[in-house]
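Shown next, in structure tokens, is the structure this report addresses.
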Amino acid sequence: QKEVEQNSGPLSVPEGAIASLNCTYSDRVSQSFFWYRQYSGKSPELIMSIYSNGDKEDGRFTAQLNKASQYVSLLIRDSQPSDSATYLCAVLYSSASKIIFGSGTRLSIRP
Amino acid sequence: EAGVVQSPRYKIIEKKQPVAFWCNPISGHNTLYWYLQNLGQGPELLIRYENEEAVDDSQLPKDRFSAERLKGVDSTLKIQPAELGDSAVYLCASSPRGDGELFFGEGSRLTVL
């Protein structure tokens, strides 16, 4: 089992719809979770962090965390073509103080 | 505030040649990371520094890779000799607290022929 797993996609969503990106992780004691966005040919950029169970909203983005299920998700409301990118889930593995990235989900917003 | 600066942006070398990458982190960020990213994959940690101390180098292939962070600021990652499989993007990141909130540089894309 990979430490951080994501569906590689591509995930195609019509403009204006909600995009839902999912991530599972294997370390039960992890406490910190992050979503990074990476445009093609660019470096990753932090867009959301979440530390507690439940939802955290920031503009059109909502991160959801369920530690019991070891599941993190990112919802993007009112998807725009500029949201087309690869979204990387990252988990801070407390046992090793190591930040592990998933392989990313490629999101495409079609006009 | 200036971001993380990396150089060179691109490097093409023949196999068995040496190569070095340089990184200047955001001012005040004590934690510095070097990651490797292959196409279609997430970044993979090579080494993490807290100030000038390498606190996690377990994934660094020490037979050919070396890194240093003198004076706890700039860092250099070296590969000698390079192999075909080293072709990738080498990302440097810094963090104010080492807690997962990373700020990445633009990366150095290495092609080994």
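Every chain is numbered from 1 and lettered A, B, ... according to where its sequence line falls, protein lines coming before strand lines. Treat the numbers as computed from the prediction; the structure is a model and nothing was measured.
- Between B:Arg64 and B:Asp86 a salt bridge is recorded (basic side-chain N to carboxylate O distance below 4.0 Å).
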Evaluation steps, ring pair (Phe, Tyr, Trp, His ring centres under 6.0 Å), between A:Phe101 and A:Phe34: CA-CA 9 Å; A:Phe101 284 83; A:Phe34 309 89; 8.7 Å; no
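- If you measure heavy-atom distances from B:Glu106 to chain A, the contacts under 4.5 Å come from the backbone alone.
- Listed by chain and residue number, A:Arg37, A:Lys42, A:Ala85 satisfy the side chain to side chain contact (heavy atoms under 4.5 Å, CB included) test with A:Tyr39 (two or more places apart in sequence, or in another chain).
- Only the side chain of A:Tyr51 has a heavy atom closer than 4.5 Å to any heavy atom of chain B.
- Annotation for B:Lys11: atom NZ does not count as buried by contact number, only 12 or fewer foreign heavy atoms lying within 6.0 Å.
- We find that A:Glu57 and A:Arg77 are joined by a salt bridge, their nearest charged nitrogen and carboxylate oxygen being less than 4.0 Å apart.
- Contacts of B:Leu102 with chain A are made by both backbone and side-chain atoms, with heavy-atom separations under 4.5 Å.
- Contact tally against chain B (heavy-atom pairs below 4.5 Å) for A:Ile99, A:Val91, A:Thr86, A:Leu46: the top residue is A:Ile99.
- Annotation: disulfide (SG to SG under 2.5 Å) contacts involving residues 25-80 of chain A, sequence neighbours excluded, are absent.
- Atom NZ of B:Lys62 has more than 12 neighbouring heavy atoms from other residues, nucleotides or ligands inside a 6.0 Å radius.
- At a threshold of 4.0 Å, the pair B:Glu50-B:Arg48 counts as salt-bridged, since one of the basic side-chain nitrogens sits closer than that to a carboxylate oxygen.
- Looking at A:Gln31, there are no atoms closer than 4.5 Å to chain B (heavy atoms on both sides), in backbone or side chain.
- If you measure heavy-atom distances from B:Phe103 to chain A, you find no contacts under 4.5 Å at all.
- The candidate from A:Gly104, A:Pro44, A:Ser49, A:Ser32 with the greatest count of non-hydrogen atom pairs under 4.5 Å with chain B is A:Pro44.
- For A:Tyr36, the part sitting under 4.5 Å from any heavy atom of chain B is the side chain, from C-beta outward, and nothing else.
- Comparing B:Leu39, B:Val89, B:Asp56, B:Leu91 by heavy-atom pairs within less than 4.5 Å of chain A, the highest count is held by B:Asp56.
- Of the listed residues B:Tyr33, B:Phe104, B:Tyr35, the one with more heavy-atom pairs under 4.5 angstrom with chain A than any other is B:Phe104.
- Contact of B:Glu44 with chain A is not made at all, since no heavy-atom distance falls under 4.5 Å.
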